[in-house]
2 protein chains.
Amino acid sequence: MELQIADIATLIGEPVRAKILWALLDGRAYTATELALFADASPQNASIHLSKLVKADFLEVATQGRHRYYRFSNQNVAYAIEALANLIPDKKAVSKPADEKHGIKYCRTCYDHLAGKVGVLINEALITKGITVQSENNYRVSDAGVEWFLRMGIDVDLLKDERRFFAKPCLDWSERRYHIAGALGAAILQRMLLLDWVRKTKNSRTVLITNKGKNELYENLGIEV
Amino acid sequence: MELQIADIATLIGEPVRAKILWALLDGRAYTATELALFADASPQNASIHLSKLVKADFLEVATQGRHRYYRFSNQNVAYAIEALANLIPDKKAVSKPADEKHGIKYCRTCYDHLAGKVGVLINEALITKGITVQSENNYRVSDAGVEWFLRMGIDVDLLKDERRFFAKPCLDWSERRYHIAGALGAAILQRMLLLDWVRKTKNSRTVLITNKGKNELYENLGIEV
DNA sequence: TTCATACTTAAGCCAGTACTTAAGTGTCTG
DNA sequence: CAGACACTTAAGTACTGGCTTAAGTATGAA
């Protein structure tokens with residue numbers, strides 16, 4: 001009996017699984033990839049954890065095409081998580097799983113570049129640091145900026161050869177401020193995807209930021225996300 | 001946030017700690033030694049676990065002389081444990097922490113020998129196996145029995161030299177059946193304590209049986225405790 | 001049919017943590 | 001006061017269990 005409780009608690013006690021369960025507390029169903037992002041875990045690792053949670057009847061899974069949607073299999077699981085949350089010493093910082101840090105307003109793609117709050121922050125940080133300079137209705141990259149982008153793995157000169165416009169401000173509907181559209185904006189997003197700073201989600205335009213991404217954005221641009 | 005939940009669940013998820021918490025669910029306070037026995041852990045190990053539980057504010061401790069009494073520091077802990085218990089797949093076998101397996105009627109000392117249900121069972125098993133033989137108002141040990149006791153680390157011949165009576169039936173008030181009193185009974189208890197099959201508790205006459213003890217009693221005497 | 005995506009499974013490496021042995025502190029008993 | 005007892009702390013060992021790399025299946029798109 002007490003050993004079964006230990007098993008159950010152990011199942012919840014693993015950080016990645018705890019994050020997954022926390023993300024699912026809103027009662028919705030999420031795909032394995034989305035949950036891996038929430039938990040900042042590799043897809044393989046998340047998959048293993050999810051299968052354990054399903055086996056323990058914490059979660060149930062519904063396959064839709066190539067997606068697998070996971071959700072709580074009964075509300076007792078949610079109760080248990082909340083009972084555990086009640087044991088957290090200082091309760092002042094308790095906040096329900098918020099869309100704010102994950103929602104479409106926070107970080108999304110706009111056509112092929114980054115938008116949302118994070119897109120805007122990046123744009124403004126680049127200007128503040130003198131990496132990009134606004135002139136009339138477009139951006140250009142300073143000499144120091146060319147260096148900076150090279151270190152990031154982006155060859156600005158190559159981008160200029162593309163037929164499309166290089167970089168111009170794009171008004172962000174959610175922020176009412178500007179982010180970077182054009183070849184440069186697309187290159188930044190591509191690079192961030194490649195470096196696993198952000199990852200795309202299924203059919204949504206929402207983009208999720210990995211822990212690595214958070215750290216790197218802070219290191220390289222002083223942005224706190 | 002979700003990480004704090006993971007920490008809390010991890011704390012409950014360790015088998016020894018889970019057993020301790022389960023034992024404390026009756027709301028009473030127990031000494032470190034008693035809890036070590038409940039959890040079938042060494043005193044040192046239990047002590048470490050207890051200090052962790054206190055540090056996390058799951059338990060509070062009150063020192064009384066050389067005893068330290070542990071109990072839940074608030075009822076949220078009990079709620080959380082029960083919420084976890086609700087997640088146990090098949091609930092038919094759920095039983096509240098019972099005194100039956102731990103109480104004074106189950107296993108205790110009677111002066112310096114073993115009494116209670118376990119004392120009676122041992123006595124009867126020894127007779128059934130022909131290790132001891134009842135004659136009039138005392139027990140004697142058969143030739144095969146002398147061998148058996150030697151394997152157990154008890155030299156019967158040495159016991160006979162003691163001034164006190166060797167072995168006689170002692171009516172057990174709780175069982176209304178007999179257990180073994182006298183030098184032999186005392187030697188059995190001493191040996192069982194030494195081998196860590198049973199352990200004494202504080203000021204109580206109650207004796208608790210370790211998992212090792214349970215196994216050995218089954219192996220050597222076919223007793224299921 | 002070929003490629004990309006979504007997800008799972010297998011195998012080996014690595015780290016955190018429980019448990020053991022050993023030693024130390026404080027308390028009660030004879 | 002000596003000795004037993006209740007409990008804690010420290011140090012070293014061992015093992016469970018998570019994470020990574022790698023490979024495989026199935027679905028959908030081109």
Side-chain angles (χ1 to χ4, degrees), chain A residues 3 6-20 29-56 59 61-70 190 193-194 196 199-204 208 210-212, chain B residues 3 6-7 9-20 29-56 59 61-70 109 112 190 193-194 196 199-204 207-208 210-212:
Chain A
L3 285 173
D7 290 340
I8 287 168
T10 301
L11 211 56
I12 304 174
E14 202 287 323
V16 168
R17 287 195 292 265
K19 286 179 189 166
I20 288 173
Y30 291 95
T31 65
T33 303
E34 286 174 310
L35 291 170
L37 283 161
F38 278 127
D40 202 57
S42 71
Q44 301 91 313
N45 190 18
S47 180
I48 294 168
H49 288 306
L50 285 168
S51 67
K52 286 182 182 176
L53 290 170
V54 169
K55 194 174 179 187
L59 305 184
V61 59
T63 304
Q64 263 182 36
R66 55 184 166 182
H67 297 285
R68 304 199 78 200
Y69 284 90
Y70 289 88
Q190 262 185 2
L193 285 168
L194 188 70
D196 196 37
R199 302 186 204 160
K200 287 191 178 185
T201 62
K202 46 159 193 170
N203 307 313
S204 163
L208 285 160
T210 64
N211 269 353
K212 185 186 176 193
Chain B
L3 285 174
D7 289 341
T10 300
L11 212 56
I12 304 174
E14 203 287 323
V16 169
R17 287 195 293 264
K19 286 179 188 167
I20 288 173
Y30 291 95
T31 65
T33 303
E34 286 174 311
L35 292 170
L37 284 161
F38 278 127
D40 202 57
S42 71
Q44 301 91 314
N45 191 18
S47 180
I48 295 167
H49 287 305
L50 286 168
S51 68
K52 286 182 182 174
L53 291 170
V54 169
K55 194 174 180 188
L59 305 184
V61 58
T63 304
Q64 263 181 36
R66 56 184 164 181
H67 297 283
R68 304 198 77 201
Y69 285 90
Y70 290 89
T109 50
D112 64 356
Q190 262 185 3
L193 286 167
L194 189 70
D196 197 36
R199 301 187 205 159
K200 288 190 178 185
T201 63
K202 48 158 192 171
N203 306 314
S204 163
V207 170
L208 285 160
T210 64
N211 269 353
K212 185 185 175 192

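In what follows, every chain begins at residue 1, and chains take the letters A, B, ... in the order their sequences are listed.
The phosphate of dT20(D) (OP1 or OP2) has a side-chain N or O of Ser42(A) nearer than 4.0 angstrom. For dT8(C), the OP1/OP2 oxygens have a side-chain nitrogen or oxygen of Tyr70(A) closer than 4.0 Å. Remark: Lys52(B) is in phosphate contact with dA18(C), judged by side-chain N or O atoms under 4.0 Å from OP1 or OP2. Put simply, Arg17(B) has a side-chain N or O that comes within less than 4.0 Å of OP1 or OP2 on dA18(C). His49(A) has a side-chain polar atom (N or O) that falls below the 4.0 Å cut-off from OP1 or OP2 of dC19(D).
Counting to the nearest Å, the P atom of dT17(C) and the CD1 atom of Ile12(B) are 16 Å from each other. Spacing between atom CG of Leu53(A) and atom P of dG18(D) amounts to 11 Å, rounded to whole angstrom units. Note: CG (Asn45(B)) to P (dG12(D)) measures 18 Å, nearest angstrom. Rounded to whole Å, the distance from CG on Leu193(B) to P on dA6(D) is 11 Å. Separating the CG atom of Leu35(B) from the P atom of dT8(D) is a distance of 10 Å, rounded to the nearest angstrom. Ile48(A) has its CD1 atom 18 Å from the P atom of dT16(D), to the nearest Å. Rounded to an integer number of Å, the gap from NE2 of His67(B) to C1' of dT8(D) is 15 Å. Atom CG in Leu50(A) sits about 11 Å away from atom C1' in dT8(C), given to the nearest Å.
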Quiz item: Going through the checks in order, is the side-chain contact (heavy atoms from CB on, under 4.5 Å) test met by Ile48(B) and Lys52(B)?
Solution: CA-CA 6 Å; Ile48(B) 295 167; Lys52(B) 286 182 182 174; 4.1 Å; yes
Quiz item: Do Thr10(B) and Glu14(B) pass the side-chain contact (heavy atoms from CB on, under 4.5 Å) test, and can you show the C-alpha distance, the side-chain angles, and the key distance before you say yes or no?
Solution: CA-CA 7 Å; Thr10(B) 300; Glu14(B) 203 287 323; over 6 Å; no
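For Gln44(A), taking side-chain heavy atoms from C-beta onward, the closest of the listed nucleotides dT20(C), dG18(D), dT8(C) is dT8(C). In the set dC19(D), dG26(C), dT8(C), dT8(C) carries the atom at the smallest distance from any side-chain atom of Pro43(A). Counting only heavy atoms from C-beta on, Arg66(B) has its side chain closest to dC5(D) among dA6(C), dC5(D), dC19(C).
Contacts of Glu14(A) with the nucleic acid, taken as non-hydrogen atoms under 4.0 Å apart, involve only primed sugar atoms and P, OP1 or OP2.
Phe38(B) approaches Lys19(B) most closely through the heavy-atom pair O-CD, 4.3 Å.
Looking only at distances, no side-chain donor or acceptor of Thr31(A) sits under 3.5 Å from a matching main-chain atom of His67(A).
Here the straight-line distance linking atom NZ of Lys55(B) with atom CG of Leu11(B) works out to 11.0 Å at 0.5 Å rounding.
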